Each structure stands twice: as structure tokens, then as C-alpha cells.
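Note sheet for the following structure.
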Number of protein chains: 2
Amino acid sequence: MSPTDPARKVPARRLQMADIARLAGVSMSTVSRALSGSHLVNEETRTRIAELARSLNYTINLGAQNLRLQKNQTVAVVVPYDAQSRQHISDPFFLSIVGGIADALTDRGYDMLLSRVDAERLDNAAQLFHSGKAIGLIVIGQWRHHDQLNDMAAARVPLVVWGGLLPQQLYCSLGGDNVTGGRLATEHLLALGCRRVVFLGDAQLPEAGLRREGYVQALRAAGIDPDPALEVVSPFQTIAARAAMDRLCASGVAFDGVVACSDLLALQAVHAVRAAGREVPGHPQPGGGRSGVAIVGYDDMPVASFTEPPLTTVHQPVALAAVELVDALLAMLGGAAVAPRMLPVHLVVRGSAPTADA
Amino acid sequence: MSPTDPARKVPARRLQMADIARLAGVSMSTVSRALSGSHLVNEETRTRIAELARSLNYTINLGAQNLRLQKNQTVAVVVPYDAQSRQHISDPFFLSIVGGIADALTDRGYDMLLSRVDAERLDNAAQLFHSGKAIGLIVIGQWRHHDQLNDMAAARVPLVVWGGLLPQQLYCSLGGDNVTGGRLATEHLLALGCRRVVFLGDAQLPEAGLRREGYVQALRAAGIDPDPALEVVSPFQTIAARAAMDRLCASGVAFDGVVACSDLLALQAVHAVRAAGREVPGHPQPGGGRSGVAIVGYDDMPVASFTEPPLTTVHQPVALAAVELVDALLAMLGGAAVAPRMLPVHLVVRGSAPTADA
DNA sequence: ATGAAAGCGCTAACAC
DNA sequence: GTGTTAGCGCTTTCAT
């Protein structure tokens, strides 16, 4: 039952083209041609060489081939991490966009290098390009370093960024329409009778900042002045979010709605609010406001409909985004000038902030 | 507000060492030495060259360097896909293990190539090694091709596989203890009074097959014969699982518990059962069995505690697994013989199959 | 302390 | 149709 011989290792020098040539009794050039399917080489010789190579597991060394051909089919996908919290990739949104990009790149015949860089030094990712490891970069998120991304673009690093559209932007970004997303979420809460809506997220991050703009727009349109006490700063991370919401609840500041910057944050808000003895989503009160707290998430991750309560959330088109990011980068590599673009988002109404309220 | 000049492209030949040499007025050898921090080169010259390189964004071309040095720091992480269903990476479990591996590899100074291969041709992944793209492979899942993995190992491809321990195994695998996992889940349901426990998963897949072994063990130990009618074959995919469970409910076959092979499958089971008008988890009945259906998931994905009902599930140590996979591969590359190993799993009891039942 | 030259594994003129 | 040769961008003897 136990393994016969678990993976022993003997280095065994890797075969190379010269070996194949010798074994086939031809020159290297012939092997090279045969393997590339050139019609300059005799049909019979070609298949013989191909067989030989296959039977020996010989494959052209791509490092050498790339060097010679000056080509490279590798795209780097850069997922920044927060060095302080040593926070790893874990948000399902990031993970699934990475999955989608992997698929899109594979479909198009490119390799994908998955790289982590310190979110404070996004510009370190340029190294991947300058060193020739990758022909271009897809960066997931702008974090706090719009400037570094601009510098990279100015240095002609082929670059596409998942994120929002910012002033003075030199690079190509693609992302959900954050302002609209923030506005939709907030409008929905206002329509439910919420009057004191919390914004949960870190508005220092461009995406969250834009969502906050939408939030403010919606409030103002409803004649409500944004209250700084209702801004709960929290990174895209669960523990911190929970603590921040607990603090808010303990502070006694009144609120009856939450616009969260991710579904994960929304879930933390749900638990914090319930731990404080209030209901989610509660009911509108005759005097205005709500008996409980209605909560809207962001991203619409696959399990959002299975949570308790099911999350009302702003849907981001992950699969589309992945394909668009890849195509944008490839177009750019093809010499096109690719303009930044926003992808449509829409609100998905579920239980955490229902539509018709009793 | 709109971008000044979105990422225009001018090819601009990449700098190379000869350029730096010329600009610095020294020979290439000196530049090479300077950049590698050799003490053979004058302190002053060295810093001068380093500055120059930095200011011009020059980085050594790694393709060329690797060729010359015969080195490579790239590990391929292979995530198989189902070609028939064109099913993309989407299970949060796979995604998060990939995230963890990315972190572990980055920490150790390796690059990670994320590759997708047809689950029917896992052996195609060997190409990544033979072509020199990667020094070794981490394959996520055995799928239906234990044999191909064995062949790869026999061909001396450095290889570590996330998966179960199988008979006649030549490669190094690491994975949760699936038999125990399946047994724990089933024992828990039996303890709750379930007598007709469904196994939801595709036992053709080694991991699911092992879990089924545990399931059968637990049933037998309780004096229950496994009923083939209670085996619902479903891939690790949501739509199919839902349909299969709907069919089971419609068939009239009696059941009062479900052991699912992933949390996603468990959630689908919850919905199917509820759509059929039954409760999850229900209550034990005086005559044996339960009024509703108790359901246990597998993986313990991060949101499992936030679902409705919160999922009782078998916890897999994802973060640990990622690190262990990486370390196993690196040890193997270092010449060590690394034996397959199982990682501990444990049951996390939540609402979908509670502990003390009223 | 620095330079000249050979070669990592491959391809593409250019010969024949 | 096949072989010879000169590099792709780099490192490293071996000279000096």
C-alpha cells in the first residue's frame, strides 16, 4: 500500500538538441528545423526526429529559444500584499480575478507569472519587465501608489492595472465603476429608510475612495450631509474590520445602514452589529431611520447568496474583468494605445438590505 | 480629469550590458562583475556602474543570465481544468491554496508560474519541466490520472502533488487525511441520529474516493450498509451538484444526512433540500432518522461560518498545505527523497449539522 | 583591477 | 535537403 519508491532524485543532465542530432545522425540545424516543422526538411527525417525527441522527452529549451528569438510569452500578474500586516492574498475577489486571468492568458497562449510585491513598492514590479522575465504586467489594485504606477507607465513598462480611473493617470486601468457602485449601494439604503449610513472601507485606497465619492453623492442628493463619525476606516481585512465596527457600535454613534467595500467587510459588519444586539436588516421606523441596520457589500462573491443574511451587494464582473485586462495588455503590446476604462457594475438585492421592507 | 496620455507604446530597444559598459567606459566584464557585487572591481567603479544602471532602469536580462548560469528559480503551479465542462478555476479551496503557494514561493525567492492543464492530460505539465520553464511542478489535485503522475515521477520530473495517498504511488503527494475526513463527517452525522447518509461527490476522483472510504468505514462501524442509491456523483461544480441533489430529492429516496466533498457542494445540497420542502438540519426523530437533513461540508473555506446555516465542515489546513508543498518540492530539488504525507484534518461543528440537538 | 574570448542552448542566414 | 557559422545577452576563465 505504501509508495514503492517515492520520487528519488538523480540529477541526470538534461538532453539537448546536440544529443538528439547525434542520435539521429544529422546536424543540429536539421533537428531545429524538424522540430519547428519546417518544410525544408525531408518528411521522413522530420518525423524520425520528432519521434526520437518525444521518446526521450526532449523539449526545446525555452530559455535558450527565447533568448535567440528575442521572444517571451510570459505575462506577470502582480498581487500586492500589505507588508505591515504581512497580509496574504486571501480576499476571494482577488483570488478569483487571478483565476480568470490565468484562464484568459492560457487561452491566448501566454504563460502567467504570479508575483507578490509589497503594496508600498508597486514600482518594484517593473523589475519583472526590465529583467525580461515578463513582457508586461497586470497589477491587481492601485493601493496607495498611483504615483508609482504612473512612473512605471512613464518608463514605458507595459502595464494594465485593475483599479479606478484617477486624475492625471498615465497608465491603463480597468475596473468596476466604483463611483456608481458606491452610489447604487447608498441610494438603495436611503430608499430603505436609512438616514445614518456608515461607510466601511479605507478611502485612502483609490477604489474605496471612488466608492466613497458615490456614497457622498447619494447622501447629498438626498439632502444628507456626510458625517465623518460614520466613516469607519478599515483595510480589506476581516479582523480589523470587525474590531472597527465593534468600536463604532460601542461608541454610541447612531447608524442604521452600512456600505461596505467588500463582501467580507460586510459580513464582519453583520456580526459586529448583531453582537451589539441589533438586527440586520431590521425595519424602517415611523420617525425615520431603521430599527436595525441594513448592510450592503461589494464584489458579489460567489457565496454572497449563501450567507446569512444573503448579501445585498454591488456586483463586479470578475470574469469579464479578467479577459479585458488580458486583452488590454496584449493590445498594448501589439502597439495600440489602450485607454483606461470602467466596467459596469450593478446592485444585487438580497436579504442584508432587502428591497420591499415590511 | 481624464488621463493625459494613456500608455502610448514605442518599442525602444531594451538596454543591455554592452550599453552600460560603453556609457561607463569600461568593458562588459567589469559591468558584470560590478553588478554582481564582485570585490574584484574597484569600489568606486562599482558604485558608479550601479548608479548608472539604476538610473537607466537597467536590469540584467534574466533569460540570458539563467542560460549562462544554468539556473532557474521558477516553479510551476499546475491547476488542472475540466476540458469538457470548460470549467475554470473557481473553487475557493483551489484558489486559496494557490494564493498560499504564491506566498511561500515568494518568501523563498522563487518565481511562480501558474499553469492550467487539461485534467485528462496532467502529463502535459511535464513539458514545463522538460522545456526548462520551471525547475519543478506543484500539481493541485490528482484528478483521474494517478497513472500519469506516476509516469512523470518515473521520468524524473520533480513533482509534488496536492492529493491523497494512493496505492503504487511513485510521486510525492501531500494532502489532507481524506479517509479520516470522510469518517469524521459521517460519524458526526450518525451521532446526530442520521441513518440514511448521502455521499455527495465524485468518488472517481482519488480525494473524493478516499473520503468515501472513510464514509463507508463509519457506516459499517455503525452497522449500516452503504446504499448505492445514496451516492450522488457530482463534480466539484455547483450547477451539476444542485441538479443531482434535486434529482435525488425528486426520486423519493429517503435520506437524512449529506456528506459533501466541498463546502460549495454542501451549500448546493442545502438549497436543494430546502427547495424540496425539508429543513436543514432538522431534528432527530423518535423512531430513528431525522425530520430534516443534516449536512456536512469539506474544506472549511473562510466564509463557511457566515453561510446560512453556518457549515459544519471538515477543516483542511490550507496555509500549512501551501508551505508544505513548497518545502517538499524544494527539498526534492535539493536531492532529498521526500515521502508522501497526510496533513491532519478536523471537524468544525456549526449549524448545518449541530452538535447538541434539541 | 580590468579586458578578451569562449560558450550556455538555440535559430537563421548563408553555403553547398 | 542539409551542414556551417554567427550570434541572442550574459558570466567567467584566463591573460595582462
Side-chain angles (χ1 to χ4, degrees), chain A residues 11-50 52-53 56-74 127-135, chain B residues 11-50 52-53 56-74 127-135:
Chain A
R13 192 182 65 81
R14 193 113 82 240
L15 283 178
Q16 43 195 76
M17 198 176 272
D19 301 315
I20 304 292
R22 193 162 14 78
L23 292 169
V26 296
S27 77
M28 263 180 70
S29 345
T30 303
V31 175
S32 173
R33 286 193 268 254
L35 260 28
S36 68
S38 162
H39 282 273
L40 286 170
V41 56
N42 191 332
E43 174 70 42
E44 182 270 325
T45 333
R46 193 169 63 211
T47 49
R48 189 165 50 86
I49 291 175
L52 186 61
L56 295 169
N57 269 333
Y58 170 76
T59 311
I60 289 175
N61 179 314
L62 286 166
Q65 189 181 53
N66 286 344
L67 180 59
R68 177 62 233 235
L69 257 35
Q70 298 286 68
K71 88 172 181 178
N72 184 341
Q73 294 268 88
T74 303
Q127 179 86 353
L128 293 165
F129 170 70
H130 289 128
S131 70
K133 261 187 200 164
I135 51 174
Chain B
R13 193 183 64 82
R14 195 114 82 243
L15 284 178
Q16 45 195 75
M17 199 176 271
D19 301 316
I20 304 293
R22 194 162 12 79
L23 292 170
V26 296
S27 77
M28 263 181 68
S29 339
T30 302
V31 175
S32 174
R33 285 192 267 252
L35 260 28
S36 68
S38 162
H39 282 273
L40 285 171
V41 54
N42 191 332
E43 174 69 42
E44 182 269 322
T45 332
R46 194 168 62 210
T47 48
R48 187 163 53 85
I49 292 175
L52 186 60
L56 295 169
N57 267 334
Y58 170 77
T59 312
I60 287 174
N61 179 314
L62 285 166
Q65 189 181 53
N66 286 345
L67 181 59
R68 175 65 231 233
L69 257 34
Q70 298 286 66
K71 88 171 182 181
N72 183 343
Q73 294 268 88
T74 303
Q127 179 86 353
L128 293 165
F129 170 70
H130 289 128
S131 70
K133 260 186 202 168
I135 50 173

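Quick note on labels: first sequence line is chain A, next is B, and so on, each numbered from 1. Bear in mind that the values here come from a model prediction, so they are computed numbers and not experimental data.
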If the sugar-phosphate is the primed atoms plus P, OP1 and OP2 and the base is the rest, what is the B/S/- string for nucleotides 7-16 of chain C, using protein heavy atoms under 4.0 Å?
BBBBBBB---

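Counting heavy atoms from C-beta on, the side chains of Tyr58(A) and Leu52(A) never come closer than 4.5 Å. Using a 4.5 Å heavy-atom threshold, the side chains of His39(A) and Arg46(A) count as touching. For the pair Ser32(A)/Met28(A), no side-chain contact is recorded, criterion being any heavy-atom separation below 4.5 Å from C-beta on. Put simply, the side chain of Thr30(B) does not reach to within 4.5 Å of the side chain of Leu40(B), judged on heavy atoms. Put simply, the side chain of Asn61(B) does not reach to within 4.5 Å of the side chain of Gln65(B), judged on heavy atoms.
When rounded to the nearest whole Å, the span between CZ of Arg22(B) and C1' of dG9(D) equals 14 Å. In this structure, Lys133(A) atom NZ and dG9(D) atom P are separated by 19 Å, rounded to whole Å. Nucleotide dT2(D) holds its P atom 11 Å from the CZ atom of Arg46(A), rounded to whole Å.
The phosphate of dG1(D) (OP1 or OP2) has no side-chain N or O of Thr30(A) nearer than 4.0 angstrom.
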I would like to know whether Arg48(A) and Val26(A) meet side chain to side chain contact (heavy atoms under 4.5 Å, CB included); could you show each step before the answer?
CA-CA 11 Å; Arg48(A) 189 165 50 86; Val26(A) 296; 4.2 Å; yes

